[in-house]
Number of protein chains: 2
Amino acid sequence: MSSQPVLDGVALNEIDLDRHSRASLTKKRTRIQVEKERSILDAALEEFSTFGFRGATIDQIASRAGMTKPNLLYYFRRKQDIYLAVLRRTLDMWLRPLEALEADGHPPKEILAYINRKLELSRDNPTASRLFALEILQGAPVLGEVLGGQLKLLVDQKAAVIRRWAEEGRIAPIDPYHLIFMIWATTQHYADFEVQIRALLGAAISDSEQFDTAKATLSTIFMDGVLTGNRHG
Amino acid sequence: MSSQPVLDGVALNEIDLDRHSRASLTKKRTRIQVEKERSILDAALEEFSTFGFRGATIDQIASRAGMTKPNLLYYFRRKQDIYLAVLRRTLDMWLRPLEALEADGHPPKEILAYINRKLELSRDNPTASRLFALEILQGAPVLGEVLGGQLKLLVDQKAAVIRRWAEEGRIAPIDPYHLIFMIWATTQHYADFEVQIRALLGAAISDSEQFDTAKATLSTIFMDGVLTGNRHG
DNA sequence: AAGGATTCTGACCATTTGGTCAAAAGAAAC
DNA sequence: GTTTCTTTTGACCAAATGGTCAGAATCCTT
C-alpha cells in the first residue's frame with residue numbers, strides 16, 4: 001500500500017488549541033469573522049468534497065467564497081486548517097443517526113428508523129457524505145484517529161445492542177458490524193455515487209420519487225430480503 | 001455543483017486512435033514496451049486509486065514503477081493518457097459480474113451468485129474499486145460517457161430481467177435498479193472503505209474470516225432480511 | 001561486429017500552487 | 001473627526017509538478 005501521507009496525521013481535537021488564523025483570537029469573534037469563516041467553510045466543503053484534499057486549491061475555495069486568496073488565508077493560515085475545520089463541522093452531524101439508535105426500542109423499527117435517518121442525510125447533505133468518502137478512500141489521513149477512537153467506541157456500543165437483539169431472537173442471527181456496514185453502504189451510496197445514479201436513473205436521490213423508491217427498496221430488503229413468502233400476513 | 005472539469009471529457013474509445021506515446025506504434029509492440037507499459041499501469045492504478053487524478057503525480061507513478069519521469073513519458077505522453085489507460089484496462093473486469101447474471105437461472109441463486117462475484121472482486125481488486133469510486137465521486141469526468149452509454153445499456157438489460165422475476169412472483173416485488181445499487185454499495189464498500197472497516201473490525205475483507213462473515217451477512221439480509229421467522233423450514 | 005532503431009536520462013522550462021508581507025482600506029470606539 | 005483595531009489587497013516567493021528535448025546508452029537485427 002501507499003505510505004505517502006496526503007496530510008500529516010493531526011487529531012481533530014488539536015485544532016482548537018492551535019491558533020490557526022491571523023484574525024484576533026484574544027477577544028470575541030467579530031461579526032465579519034463569523035460571516036466570512038462560515039462562507040469559507042461552505043465553499044471549502046464543496047471543493048474538498050469534489051476534488052479531495054490535494055485536488056482542491058485555496059484559490060478556488062477563495063473564489064467560490066467570493067474573496068481573494070490572501071484574504072482567505074487571513075482567516076485560515078494553512079490549507080490543512082480549512083480542511084480540518086470543515087471535517088470537524090460535519091462530523092457530529094454524521095454520527096448523530098447512529099447515536100439515536102435506542103436499545104430499548106422495537107428492534108426492527110429501530111433499524112428501519114436508522115436507515116431512514118441515514119438516507120435523509122444522504123439526500124440533504126450529499127457533499128458532506130462525499131467529503132468523508134474521499135477522506136476514507138484516500139486512507140483517512142486526517143480522520144484516521146477518529147475512526148479508531150470516537151467512531152469505534154460508538155460503533156462497538158451500538159453493535160453490542162444489535163448483537164443482544166439477535167441473541168434474544170428479536171432479529172435474525174447476523175453479525176452486527178456487517179449489518180451496520182450494509183446500512184452505511186446502501187444509504188451513503190446515493191450521495192457518493194450520485195452521478196452514476198443520475199446517469200442510470202435519470203434522476204438523483206433528491207428527486208422525491210426516487211427517494212421514495214429507494215426507501216421502499218431498502219425497507220423491503222433489510223426487513224424481508226428478496227425471497228417471496230408470506231411470513232407476516 | 002462544480003463546473004471545473006478535472007479532466008476534459010474524453011471518451012474511452014478515443015484512446016486507441018490517439019497516438020498517446022512516443023514509442024513506435026507502426027510496428028508491433030516490443031517486449032520492453034509490453035513490460036514497461038504493464039508496470040506503469042500497475043503503478044498508476046495504485047497512485048490514482050489512492051490520490052485521485054489530480055492528487056497523483058507522474059513522478060510518484062514513475063518512481064513506483066521503478067523508472068524516471070521522462071522515461072515514463074516516453075510510453076505515455078500525458079498524465080491523462082495514463083489515467084485513461086488504467087481505467088480502460090479495469091473497466092471490463094468491473095462489468096463482467098453483472099454480465100454473468102443469467103435470466104433463465106434460479107432467481108435467488110443468481111442474485112446470490114452475483115453478490116458473491118462482486119464481493120470476491122472487492123477482496124481481490126480493492127484498488128480497482130477505489131479507482132472507480134474516486135472517479136465517480138469526483139463527478140465521473142472521464143467515465144461520464146461510459147455511465148450513460150455502455151453501463152446504462154447493461155444495467156437496463158439486467159434490470160429488465162430482475163423486473164420480470166419480480167412480476168412473475170419469483171422474488172419479492174422490488175425495484176430492480178435500487179436492488180442493483182444495493183448490491184454494488186454493499187460489496188464495493190468493503191474495498192472502498194477498507195480503512196474504516198479495518199479500524200472498526202481490526203481486519204480487512206482480505207482476512208478470510210471477515211470475508212466469510214461478510215458473505216454470510218449479505219446472504220442473510222439479501223435473502224431473508226433481519227426479521228425472524230421460519231419462512232423456509 | 002556494425003548499424004539502425006529503440007529506450008533512457010539529465011537538464012531544463014512554464015505553470016500552478018501554498019503561503020508571506022507590507023501597506024492600503026475599512027470599521028469601530030472614543 | 002481622530003485614533004485604533006480589523007480586514008483586504010497586490011506583489012511576491014519557493015516548491016512542486018506536467019511536460020520537452022537533445023543526446024547518451026542499450027537493444028536487436030543482420
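Letters go in sequence order (proteins before strands), and every chain restarts at 1.
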Nearest-angstrom distance from the residue atom CE of M67(B) to C1' of dG10(C):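 From M67(B) CE to dG10(C) C1': 17 Å.
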Euclidean distance, atom CZ of residue R29(B) to atom C1' of dA5(C) [Å, nearest integer]: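 Computing the R29(B):CZ to dA5(C):C1' distance gives 18 Å.
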All ring-ring contact (aromatic ring centres under 6.0 Å, His included) counterparts of Y75(B), not counting sequence neighbours: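 With sequence neighbours excluded, Y75(B) shows a ring-ring contact (aromatic ring centres under 6.0 Å, His included) to no residue whatsoever.
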Is there any protein nitrogen or oxygen under 3.5 Å from a nitrogen or oxygen in nucleotides 28-30 of chain D, and what are the pairs?
| from | atom 1 | to | atom 2 | distance (Å) |
| --- | --- | --- | --- | --- |
| dC28(D) | OP1 | R31(B) | NE | 3.3 |
| dC28(D) | OP1 | R31(B) | NH2 | 2.9 |

Check whether any side-chain N or O of [X] sits under 4.0 Å from OP1 or OP2 of [N], and answer yes or no.
{"X": "N71(B)", "N": "dT7(C)", "value": "no"}
{"X": "Y75(A)", "N": "dT8(D)", "value": "yes"}
{"X": "Q33(A)", "N": "dT6(D)", "value": "no"}
{"X": "T68(B)", "N": "dC8(C)", "value": "no"}
{"X": "Y74(A)", "N": "dT8(D)", "value": "no"}

Residue from D192(A), D124(A), T90(A) passing side chain to side chain donor-acceptor pair (under 3.5 Å) with S129(A):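 The residue from D192(A), D124(A), T90(A) that satisfies side chain to side chain donor-acceptor pair (under 3.5 Å) with S129(A) turns out to be D192(A).
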Under 3.5 Å: donor-acceptor pair, side chain of [X], backbone of [Y]:
{"X": "T57(B)", "Y": "Q60(B)", "result": "yes"}
{"X": "K215(A)", "Y": "I115(A)", "result": "no"}
{"X": "S63(A)", "Y": "D59(A)", "result": "no"}

Side-chain contact test, heavy atoms from C-beta onward, threshold under 4.5 Å: evaluate it for [X] versus [Y] and give yes or no.
{"X": "E99(B)", "Y": "L154(B)", "result": "yes"}
{"X": "H189(A)", "Y": "I197(A)", "result": "yes"}
{"X": "I61(B)", "Y": "F48(B)", "result": "yes"}
{"X": "E120(B)", "Y": "R123(B)", "result": "yes"}

Sugar-phosphate, base or nothing in reach of F76(A), heavy atoms under 4.0 Å: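 Here F76(A) touches no strand at all.
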Heteroatom pairs (N/O) under 3.5 angstrom, protein to nucleotides 16-22 of chain C:
| from | atom 1 | to | atom 2 | distance (Å) |
| --- | --- | --- | --- | --- |
| dG18(C) | OP1 | A56(A) | O | 3.3 |
| dG18(C) | OP1 | K79(A) | NZ | 3.1 |
| dG18(C) | OP2 | I58(A) | N | 3.0 |
| dG18(C) | N7 | K69(A) | NZ | 2.9 |
| dG19(C) | OP2 | K79(A) | N | 2.6 |
| dG19(C) | N7 | K69(A) | NZ | 3.4 |
| dG19(C) | O6 | K69(A) | NZ | 3.3 |
| dT20(C) | OP2 | R22(A) | NH2 | 3.2 |

